[in-house]
Trainee: 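The structure is given below, and queries will be raised subsequently.
Predicted model only: the values in this text are computed from it and were never measured.
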Amino acid sequence: MIEPDFSSMSKTELRAFVIAYPDNKTAFRAFVDRFTSEASPETFDIPKSNTEIEEVEILIKQKLEQLKMS
């Protein structure tokens, strides 16, 4: 089988290919590389109290709303 050009595939196409061919390590690496390169570099400490957990929940909800708007 000739491998397709993973760099020219959309995220959806690449994901579908990885699901269809789960043993294809080249496709899986391309999938992981694509998604990690586009991931936010933000990191957060683990919440240590109920107040911090509530704050994190609020931040997550705000981020989801921002993503819906864009």
Side-chain angles (χ1 to χ4, degrees):
M1 177 174 98
I2 298 173
E3 288 198 358
D5 180 10
F6 301 122
S7 64
S8 67
M9 289 182 165
S10 69
K11 284 182 177 181
T12 304
E13 292 168 332
L14 184 54
R15 182 178 181 272
F17 188 91
V18 169
I19 290 169
Y21 301 96
D23 294 332
N24 188 313
K25 295 191 185 327
T26 305
F28 181 75
R29 283 189 204 102
F31 177 80
V32 170
D33 288 347
R34 171 102 46 101
F35 282 81
T36 56
S37 71
E38 296 174 5
S40 171
E42 292 179 273
T43 58
F44 302 94
D45 291 331
I46 296 173
K48 296 175 182 68
S49 68
N50 286 338
T51 303
E52 287 183 6
I53 291 170
E54 290 170 8
E55 290 172 1
V56 169
E57 288 174 352
I58 291 168
L59 290 172
I60 291 170
K61 288 176 185 175
Q62 288 173 346
K63 188 65 172 179
L64 290 172
E65 286 301 316
Q66 287 175 356
L67 291 173
K68 286 180 187 177
M69 299 291 202
S70 57

Trainee: Considering the options Phe31, Tyr21, Phe28, Phe17, which one meets the ring-ring contact (aromatic ring centres under 6.0 Å, His included) requirement together with Phe6?
Mentor: Phe17

Trainee: Specify the closest pair of heavy atoms between Pro4 and Met9, including all atoms of both residues, with the distance to one decimal.
Mentor: CG-CE, 3.5 Å

Trainee: Output the rest of the hydrophobic cluster of Ile60: all Ile, Leu, Val, Met, Phe, Trp and Tyr residues reachable through side-chain heavy-atom contacts under 4.5 Å, sorted by chain and number.
Mentor: Val56, Leu64

Trainee: Please name the pair of heavy atoms, one in Ser7 and one in Asp5, separated by the smallest distance, quoted to 0.1 Å.
Mentor: OG-OD1, 2.7 Å

Trainee: I need the Ile46 CD1 to Ile53 CD1 distance, nearest 0.5 Å.
Mentor: 10.5 Å

Trainee: A quick test of your reading: do over 12 heavy atoms of other residues, nucleotides or ligands sit less than 6.0 Å from CG of Asp45?
Mentor: no

Trainee: Run the side chain to side chain donor-acceptor pair (under 3.5 Å) test against Lys63 and tell me which residues pass, sequence neighbours left out.
Mentor: none

Trainee: Between Glu52 and Lys48 (side chain of the first, backbone of the second, donor and acceptor by atom type, cut-off under 3.5 Å), is there such a pair?
Mentor: yes

Trainee: More than 12 non-hydrogen atoms from neighbouring residues, nucleotides or ligands closer than 6.0 Å to CZ on Arg34, yes or no?
Mentor: yes

Trainee: Using a 6.0 Å cut-off, check whether atom NZ of Lys25 has over 12 heavy atoms from anything other than its own residue.
Mentor: no

Trainee: Please answer: with hydrophobic residues joined when any side-chain heavy atoms are less than 4.5 Å apart, are Leu14 and Val32 in the same cluster?
Mentor: yes

